[in-house]
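Data block below; observations after.
A note on names: the letters A, B, ... follow the listed sequences, proteins ahead of strands, and every chain is numbered from 1. These values consider heavy atoms only, across backbone and side chains, with no hydrogens, waters or symmetry-generated copies. Bear in mind that the values here come from a model prediction, so they are computed numbers and not experimental data.
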Amino acid sequence: MTEQDQFEPVIIGFTCNWCSYRAADLAGTARVKYPPNVRLIRLMCSGRLDPTFVMKALASGADGVLITGCHPGECHYIEQNYKALRRYQLLKRVFAQLGIEPQRVKLVWASAAEGVKLAHEITTMVEEVRALGPLHWGASNGREVHDHLPTEDMELPEEAEVMA
Amino acid sequence: MTSEIQTKTSFLHDPSNPNLRFLEEVSAHTAGVSRLEMCIQCGTCGGSCPPAADMDHTPRMLFAMIRAGFREEALSSNTPWICVSCYHCVVRCPQGVHIADVMYTLKSMAIRAKLYQDSTAPDFSRSFVDNIEKYGRSYEFGLATRHYLKHFPLRLPGMAPMGFGMLTKQRMDIMPHKIDNIDQLQAILERAKEVEGLS
Amino acid sequence: MTGPFDSASKSPERIGVYVCHCGTNIAGVVDVAEVRDWTEKRLKGRGVIIARDYKFMCSSLGQEMIEKDIQKLGLTRVVVAACSPHLHEQTFRNACQRGGLNPYLSELVSIREQVSWVHTDKHAATDKAKAVVSGGVERVIKNEPLEPLRVPINEATLVVGGGIAGIQAALEIADAGFPVYLVEREPSIGGHMAQFDKTFPTLDCAACILTPRMVSAGTHRHITLMTWSEVENVSGYVGNFTVTIRKRARYVNTELCTGCGICQEKCPKKVIDQIYEAGMGYRKAVYTPFPQAVPRYPVIDKPNCTYFSKGTCKACEKFCPTNAIDFNQQDELITVQVGNIILATGYDLFNARRIPHYGYGRLANVYTNLEFERLSNAAGPTNGEIVLRDGKTKPKSVGIIHCVGSRDRNYNNYCSAICCMQSLKFAHLVHERTGATVYNFYIDIRTTAKAYDEFYQRVLEEGTLFVRGRVAEVTDAARKPEEEGRLIIQVEDTLAGKQRRIPVDMVILSAGLEPRKDAKETAKLFGISCSADGWYIEKHPKLDPVATMTEGIFIAGCNTGPKDIPNTVSQGAAAAARVLGRIQQKEIFIEPVRASVNQDKCSGCRICNNLCPFNAISFIEDRKVTEINAALCQGCGTCVAACPAGAISGTVFSNEQVLSQIDGLLMLNLEYMKEAPELVAV
Amino acid sequence: MNDKYLYYPGCSMESSAKAYSESLAAICEPIGLHLEEINDWNCCGATEYIGISLTPAYSLITRNLALASLQADGTRTVVAPCSACYLNLAKADYYMQERPILGENVNTALAAGGLHYDPGSLFIRHLLDVIINDIGLDKVKSKVVRPLTGLRVAPYLGCMVPRPDYEHRWSNPEYPNELDRLLKTLGAEVIDFPLKTHCCGGHMTQIGPNTAFELIRRLVSSADQYRAEVMVTLGPMCQMNIDAYQGEMNRHFHTDYRMPIIFFTQLMGLAFGLNAKQLGFGRELVGTREMLQRIGVEAPEPIEAVPAHKPRMKEGLPMPRMPGDEEVN
């Protein structure tokens, strides 16, 4: 058996309270199956997603990060998911510079009625990340993590640029 | 939509149930995703079908038979052979079943199982395909004369004016046309048959 | 921000972890005992002093277990691993509170919807459950004690939509003695029900049962009726919404108008009435949609009025006995304060032209259901005579087609719920009034409510012919002499297994129900969730069907999905009951999910200033710092994420909580990873 | 706009549908259509090969797409004038994406001939679609020198162009308006032909003539009821069945229909002022002499616009109009 065969990626998922977390609930209620590699964190809104959260997750050993929110135009907070979209695009650029494969960070819109869709997206992402193999960026143990953890010291592009 | 179906078809994998195997087999031999398991027996297909009167089962009934595992009955039905590929049923089907393509599947399975009742249609297809495999192009004159001679000899005199007309109007070539790289085409078709498990 | 746990130092907290079996819902897939043992052993260093598992944590015994542990063991934090927080977060917060712990020092993590129900591999599911619990433990350590926000409730209510659902809701609240603003887009309330002749299954006359309700709503001392009006803007939050309503110019002074109708009689301009008459009849340019309209004042339809387009005419003005016509009237913007809002915005009909092979719009004698309602209505364009499009010929045979645009993935996937009963009603009416042969073409007959199937039996007895088969096409292309000049319905009679062509004189299409064309804009205006196709989403489809996920906004009737009249009325009343409950409480508690600015840290960069859609963020010029108004803040957290100085923090979802949870989920909190490295990679 | 289009003629264009081929060649220049034939293309297998086996049939079709890719050179559009060819090419492209295993198998087979095709990399379009949507009716109109005023035509598209329409290129799968709009642009009087996308019998003329004759009869008799002077089509098989088998159909039912059927490109050529012979007139079995005479002379008196059995509503209830509906041209 090769390492690839054994590799089970760990993916941290961020959901918004109103649409995508409910989509995950619905996937459960409807017993739609998906692989157990994803672990979800509930935020109020995808707009709450601080890019640092994504950095932190990858630096701490996650192999991928899934960002989810309401469909554009359906945000519970009117338009905050557009801000998530901008930050996601920014993150993509930063990751490209850091040499991280773009497939490791994925943005998915899922309404509260789209349990099947969310499960499908999770399944696809797990397979994609599995194919990429482990992300040797963070740590194999917790101690090393904090050396890489981006904090406010790290130079992040200004929010003004994010908003642009 | 596709993903939804693919999750669903996995429910069909029940090796203990031979009836479901026929449904799986038909789905596996269909070009796209058949969606046969989605049929709600509403009859839109049978209602839309222009030659329905000549069929021994309406398409809907055929799908019920496939799902019930009535293999022999389904493959010996004349229905797929009567299908004119008009796609009315396909665009009207409320469940998006790929009806016309399932008909093609049933024909090919019936030919393999030698379960068709009347050889007219399979012979016609065979002759048509023989020409293509030989020349790379269809060959209407050879096909029509050979086919009518075999299957409708009594109709030939009636058809003669039409055939004569087609010839004099130069709408039918007496000689077949062959493509340049027929070897390449034949190699492709050979390999395709291997993939299909036919050779 | 700081690292979530600085070292392997022991957390000073005393944490209790409770793992629920949920019967076999969780325990059938997740090894609950193993999760408990693992938690107790491996998370001891993080402050877990007790871990328990129990059959049903949400039961009173389960809740008491937590209460006792808080009191006896002195727990300072609680983590429950069970179902979704959307179901039971409040339950366990209440339990903590009863035990004497601040309710916000608890966390409910989902190992049912996110683990046992979606995974099949028991080993992997158990490992994931451990990670989820670990994430919850790390997060709860960073939770802060909070007090819920108290919001006073304004007693007034806004009801949007004057159909039967809105009328019912408005009357219930007004009868309880509280003020209601009832806003309707059309010139009169009444909605679709006012267009019908009979209602199934009792065949009550729709006008007879609806008109008294309309009149009550129009004259109620607690109801302010605003027709020909639309909501333009909504701001604020539960208990205290500010709503701006555009009251369109009627060009009729309602103070002076007596509703005598002379203007309508004298107006020379005839217009096809696309709304109330469904295109089957005419109205004037100055009109009330129907004689029993509430209010009784007409409106002038500006685009069609000769005076407005050509500058002359003024017939209405000349003949008005009370000088009520006012061509100079302007739209008015009215602002009202309300505590709660009920949306009863109704439905639109599926556009039958989208199915050209059914011939609507091309073949004259193909009618939609709404057209037929007008045709059969005694007050309709033919005075209830059921006739062909020539206006005089009675049909000898009629085909009624069910499921038009419904149960069809080319159009709408869902069942429109009312079409079966409506089609049966039509069959009865045609039979009764014309004696024609009636065919009903159906896929399935769905007559599931009280007295519905009995009505089906009655229609069967009357001799209506039922053909089980979805109609393939309606055509005028005759194949045989007997088909000449008629409409031919081509269908597979699936019970006979044969294709049939049935010539008829009239076809009625039971077109399905669709969300309002502007449903999405309306949802956005009021800040509620809306499915991709445009139906509004209930807070819970079964247990909270008239509430939305937005506090203070309720929904009733067909805007959540197709419904018959009994259900619609029940929902109107239910929404009113929910609102009345709120009003009686005088104030409500809401989640203290709010952002605040640490002004010492604020650099005054103003990046956050434009991020807030609720205008909760303002900049204090003289001190060059930003401030957040807690009453307006909705807690989305976008500004928290955006603040480059880390000056904004949010409660319940703070940076510390989320970052710690990430550590927990990735099992970085286990102090002895060397001992069990394999656990890190689960 | 694309400079050139890759052109897949299909076998019929060289035999039974020569008139189509000739008239298309004649109108290309006036409307500025540049077609480049795919080198050494092969038959698409019509509706026959796919009824025998799956992978060989789709490999046969896809060889043409693979060859087209080699010739693409900046363009991505393959144009087919024949309905069945258009559908087969479009279908292979679509199903190879819908069921990736089919795509893999086909490419395994193509590899034996040194070829490969990436499904989705080419746009498969019908000639009429290109004329309407790329060339545009304004351009067509500007070339009309002999409007077909007064000529009553029945637009007949047959099945396989508007259906199943995987890429949603047509206004409707049952009542598309594209051909009607083109013919109106040429000045013809276009009837609202209810059977415009009904079936001509397809290959049933070969394997079940009685079934086919009934379908042909329905079309011809309906066109006749609507007093069409000519049917106008865009598929070689449709033209052949209705033209060549009309006589046999008449004998079968003891009827005497003489409904000519021609290709839309032939009518375009006439309206552009080209001569009839150059456009392949004379190849049809049901003669078009009368029809040609009608447009050769000054615009004739228009005849009754609606068939006798379809009463015109002047009084009574208004016809339905729904908010948001646009008139279909």
Side-chain angles (χ1 to χ4, degrees), chain A residues 8 10 12 18-19 21-22 24-29 31-37 39-45 47-53 56-57 60-62 70-71 73-74 76-80 83 87 111-114 119 139-142 145-146 149 151-152 156 158-160 162-163, chain C residues 1 3 84-86 110 112-115 117-121 124-125 127-128 131-132 135 520 523-524 527 529-532 537 549-550 593 607 610-611 613-614 634-638 640-644 646 650 652-653 655 658-659 661-663 665-666 668-670 673-674 677 680-682:
Chain A
E8 286 295 339
V10 177
I12 295 289
W18 306 98
C19 294
Y21 193 87
R22 282 162 206 268
D25 275 357
L26 181 62
T29 318
R31 313 296 201 273
V32 183
K33 306 296 178 209
Y34 56 85
N37 307 55
R39 295 163 195 179
L40 300 181
I41 294 178
R42 181 167 62 121
L43 304 172
M44 287 309 281
C45 177
R48 174 68 183 88
L49 186 92
D50 190 327
T52 319
F53 296 170
K56 155 77 182 168
S60 306
C70 310
H71 283 275
E74 297 180 13
H76 180 78
Y77 301 100
I78 302 178
E79 56 190 20
Q80 304 301 61
K83 279 132 201 167
R87 288 180 192 144
S111 78
E114 292 177 329
S140 51
N141 71 59
V145 168
H146 297 287
L149 178 64
T151 61
E152 59 260 52
L156 269 178
E158 289 286 309
E159 176 74 16
V162 184
M163 297 306 303
Chain C
M1 65 203 68
S84 166
H86 287 297
S110 172
R112 192 179 72 172
E113 286 81 356
Q114 288 177 26
V115 181
W117 277 352
V118 288
H119 305 321
T120 41
D121 178 337
D127 281 346
K128 179 171 168 185
V132 170
K520 286 185 183 175
K524 206 172 162 188
S529 317
C530 180
S531 70
I537 297 177
M549 285 181 262
T550 306
V593 186
I607 280 174
N610 295 321
L611 291 178
F614 308 103
Q634 301 288 301
C636 69
T638 305
V640 184
C643 180
V652 184
F653 292 86
N655 283 346
V658 175
L659 292 171
Q661 192 177 6
I662 294 174
D663 276 331
L665 287 174
L666 294 171
L668 295 181
N669 49 348
L670 308 181
M673 245 162 311
K674 288 140 251 153
V680 180
V682 292

note = Closest non-hydrogen contact found for A:Ala57 with C:Ile662 is CA-CG2, 3.8 Å
note = Note: vs chain C, highest number of non-hydrogen pairs under 4.5 angstrom among A:Ala24, A:Cys19, A:Pro35 is A:Pro35
key: A:Leu26: side chain to side chain contact (heavy atoms under 4.5 Å, CB included) partners, not counting sequence neighbours   = none
ask   = How many angstroms lie between CE in A:Met44 and OG1 in C:Thr638, if you round to the nearest 0.5 Å?
value = 11.0 Å
key: Point-to-point distance, once rounded to the nearest 0.5 Å, from CG of C:Leu665 to CG of A:Leu40   = 8.5 Å
request  = Please flag which part of C:Val132 lies under 4.5 Å from any non-hydrogen atom of chain A: side chain, backbone, both or neither.
outcome  = neither
inquiry  = Could you check whether any side-chain N or O of A:Arg39 sits under 3.5 Å from a backbone N or O of C:Lys128, counting only pairs where one atom can act as donor and the other as acceptor?
reply    = no
message = Less than 4.5 Å to any heavy atom of chain A: does that hold for the side chain of C:Cys636, its backbone, both, or neither?
response = both
task = Supply the atom-to-atom distance C:Asn610 CG to A:Lys83 NZ, rounded to the nearest 0.5 angstrom.
result = 8.5 Å
remark   = Between A:Gln80 and C:Leu611, the two heavy atoms sitting closest are NE2-O, 3.1 Å
query = What pair of heavy atoms forms the shortest contact from A:Pro51 to C:Ala641, and how long is it?
reply = CD-O, 4.5 Å
task = Give the minimum heavy-atom separation between C:Ala124 and A:Pro36, together with the two atoms involved.
result = CB-CG, 3.7 Å
request  = Supply the atom-to-atom distance A:Arg42 CZ to C:His86 NE2, rounded to the nearest 0.5 angstrom.
outcome  = 5.0 Å
key: A:Tyr21 and C:Glu113 side chains, donor-acceptor separation under 3.5 Å   = no
request  = Spell out, as yes or no, whether a donor-acceptor pair under 3.5 Å connects the side chain of C:His119 to the backbone of A:Tyr34.
outcome  = yes
query = With sequence neighbours left out, what residues match C:Ser531 under side chain to side chain contact (heavy atoms under 4.5 Å, CB included)?
reply = C:Asp533, C:Trp535, C:Ile537
ask   = Rounded to the nearest 0.5 Å, what separation is found between the CZ atom of C:Phe653 and the CG atom of A:Asp50?
value = 15.0 Å
ask   = Given side chains that start at C-beta, do those of C:Trp117 and A:Val32 come closer than 4.5 Å, heavy atoms only?
value = no
request  = Among A:Ala112, A:Cys45, A:Ala62, A:Gly28, single out the residue with the greatest number of heavy-atom pairs under 4.5 Å to chain C.
outcome  = A:Gly28
